[in-house]
Each structure stands twice: as structure tokens, then as C-alpha cells.
Amino acid sequence: MSRLGRDYYDRDTLEVAPELLGCTLVHDGPDGVASGRIVEVEVYQGEDDPACHAAAGQTDRTEPLYGQPGHAYIYLIYGMYYCLNAVTRAEGLPSAVLIRALEPLDGLDRMRSRRTARARRRTPVADRDLANGPGKLCDALGLTLEHNRLDLIGDTLWIEPGAPPAEVAWTPRVGIKVGTDRLWRCFDSQSPYVSRTRLNHEAVAEPRQL
DNA sequence: GTACAGATAAACT
DNA sequence: GTTTATCTGTACA
């Protein structure tokens, strides 16, 4: 089973992000393996990017962003959910790719039980809704702050290469109020597993054949 | 299908 | 004290 190595992440973030689409994110945790095909990501790069956590400079929280490429940057958002990033570029250059949505592949039962329990639902969460959002996918894979700073070139959390999507679309990033002029969200425009947002219909950049 | 309100905690001003 | 890279249930079309 091959996995993406350090050099893969040590590149321009706008190059890495679209290439992660189609790759497989795997978490081998205490309960077993859960994995999914990456179908949606966003770029956050530099202290000049007002939406990047590094815009406020280096702090205890943002330290991983400044660290070695190929590590996990996980943070708590809205007091309830976690978001997973893959750190890119060399040390000292705060930059990362936010993993926003997965098509579930392995460990569907584990994902379903974790998601159903946390969402306090009576009926099981549908497959399509298991990981179609950054908070949902962390819950589905069982990722928490414990996994922050984890080396992605390791045997707990890693990404495997995969077939690229036929079509990729770009839009502004979701859920932010600054930096919306940059089209730094990209997704597999033919996948039903992307986070559902009206932005999908208003893709500013035309889908591009690969 | 879209449009809200509310939950909830740490980082930041 | 305010903000936040979210999600869910409810209301309504």
C-alpha cells in the first residue's frame, strides 16, 4: 500500500490541493480502519491570507501550520467540531489543505455508528452524509485534537494516491467572511459526496477536464 | 428544495 | 466580550 511522502506536501499548496482529489485518506485507529476518497478541499496559505489562521501570526494553536510539511493540523471549531488539514510547504511557510469531504470507502459501519451517536440521531446517518463536511469527516474517522500534529508519513493517519476525478470545479471557500475573493475551494464536480452548498451550482471557475 | 436559530468552547481582541 | 475554516432540527415553499 503506497502512501504520499514528505516531498508531495512540500510544494505550492495550490498545486497540492487539486491533486489530493481522488486520493484516499486512511485512519488506522484503535477501533480499526476507516477511510474515504477525498472529493473536496480548500487552500489556506500564508499570513497574507486573511482567512488563514496564520493571519494572526504564530501562536500555540497555529504552530503546526508553520511546521514540517506532511503533518496533520487539527483544530476545534464552533466549540463542537474538528477540522483536519494537511500541512504543506517547507517549515516557516504557514500553509495547509483543509480536507472538506470524503466518499466513504472502508469502515462504513464504524463511521455510521460514530456519526449517528454524536448527532444523537434515532435513524442511522445515510452513507452520503457520513463525511460530506469537514466536521463530519473528522467525526466519521474518529479524529480529535489527539491527532493534531500527527505525521502523515506514518502508520496511523496517511493519504494514498488515487485516480484523479474527471472534472474539478473551483469556488470561493466556504464559511468564511474574509478572503472570499480567492477561488481556493476545489472539488470533484461529479461526486455526490461533496458538502452540499449552493456554491456548487455557482462554481465561478468552469469545471476543467483533467 | 432554501432559510434560519441554536448548540458550545477555545482563541483572540 | 467577540469571533469562529460547522452541523442539525425546524419551518416553510
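Sequence lines set the chain letters: A, B, ... in the order given, protein chains first and strands last, and positions in each chain run from 1.
Heavy atoms of A:Arg115 sit under 4.0 angstrom from primed sugar atoms or phosphate atoms, though from no base atom. Among the atoms of the strands shown, base atoms are found under 4.0 Å from some heavy atom of A:Gly79. Residue contacts shown for A:Asn85 include a base, since a base heavy atom lies under 4.0 Å away. Looking at heavy-atom distances under 4.0 Å, A:Leu98 makes contact with a base.
Here A:Tyr78 lies parallel enough and close enough to stack on the base of C:dT6, with planes under 30° and ring centres under 5.5 Å apart.
Donor-acceptor pairing under 3.5 Å, judged by distance alone, is present between the side chain of A:Tyr75 and the base of C:dA5.
Here A:His53 does not reach the OP1 or OP2 of B:dA11: none of its side-chain N or O atoms lies under 4.0 Å away. For the OP1/OP2 pair of B:dG1 and a distance below 4.0 Å, the side-chain nitrogens and oxygens of A:Arg196 include no atom meeting the criterion. For the pair A:Arg61 and B:dC12, the criterion of a side-chain N or O lying under 4.0 Å from OP1 or OP2 is met. In terms of phosphate contacts, A:Thr59 brings no side-chain nitrogen or oxygen within less than 4.0 Å of OP1 or OP2 of B:dA11. Neither OP1 nor OP2 of C:dA5 sits under 4.0 Å from any side-chain N or O of A:Lys177.
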I'd like a table of donor-acceptor pairs (distance under 3.5 Å, sequence neighbours excluded) in which one partner is a side-chain atom from residues 26-36 of chain A, with atom names and distances.
{"from": "A:His27", "atom 1": "ND1", "to": "A:Leu141", "atom 2": "O", "distance (Å)": "2.6"}
{"from": "A:Asp31", "atom 1": "OD2", "to": "A:Arg114", "atom 2": "NH1", "distance (Å)": "3.2"}
{"from": "A:Ser35", "atom 1": "OG", "to": "A:Asp106", "atom 2": "N", "distance (Å)": "3.3"}

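For A:Arg185 and C:dA5, the CZ to C1' distance is 12 Å, given to the nearest whole Å. Rounded to whole Å, atom C1' of C:dC7 lies 15 Å from atom OH of A:Tyr82. Between A:Arg118 atom CZ and B:dA7 atom P there is a gap of 16 Å when expressed in whole angstrom units. Rounded to whole angstrom, the span from the OH atom of A:Tyr81 across to the P atom of B:dT8 amounts to 10 Å. In this structure, CG of A:Asp60 is placed 14 Å from P of B:dA10, rounded to the nearest angstrom. Going from atom CG of A:Leu145 over to atom P of B:dA9 covers 13 Å, rounded to whole Å. Atom-to-atom, CG of A:Leu65 to C1' of C:dA5 comes out at 11 Å; the value is rounded to the nearest Å. Between the P atom of B:dG1 and the CG atom of A:Asn200 lies a distance of 12 Å, rounded to the nearest Å.
Taking the side chain of A:Met80 as heavy atoms from C-beta on, and the options B:dT8, B:dA9, C:dA5, the nearest nucleotide is B:dT8. Nearest to the side-chain atoms of A:Lys136 among the listed nucleotides C:dA5, B:dT13, C:dT8 stands C:dT8.
A salt bridge is absent between A:Arg3 and A:Asp155; no separation between the charged side-chain nitrogens and carboxylate oxygens falls under 4.0 Å.
Under the 3.5 Å distance criterion, with hydrogens and angles disregarded, no donor-acceptor pair is assigned to the side chains of A:Tyr82 and A:His147. A:Asn200 and A:Arg185 share a donor-acceptor pair across their side chains, judged by distance under 3.5 Å alone.
A:Arg112 places no side-chain N or O within donor-acceptor distance of the main-chain N or O of A:Val125, the cut-off being under 3.5 Å. With hydrogens and angles disregarded, a donor-acceptor distance shorter than 3.5 Å links the side chain of A:Asp49 to the backbone of A:Gln45.
Under the Watson-Crick and G-U wobble criteria, each requiring two contacts below 3.5 Å, nucleotide C:dA5 is left unpaired.
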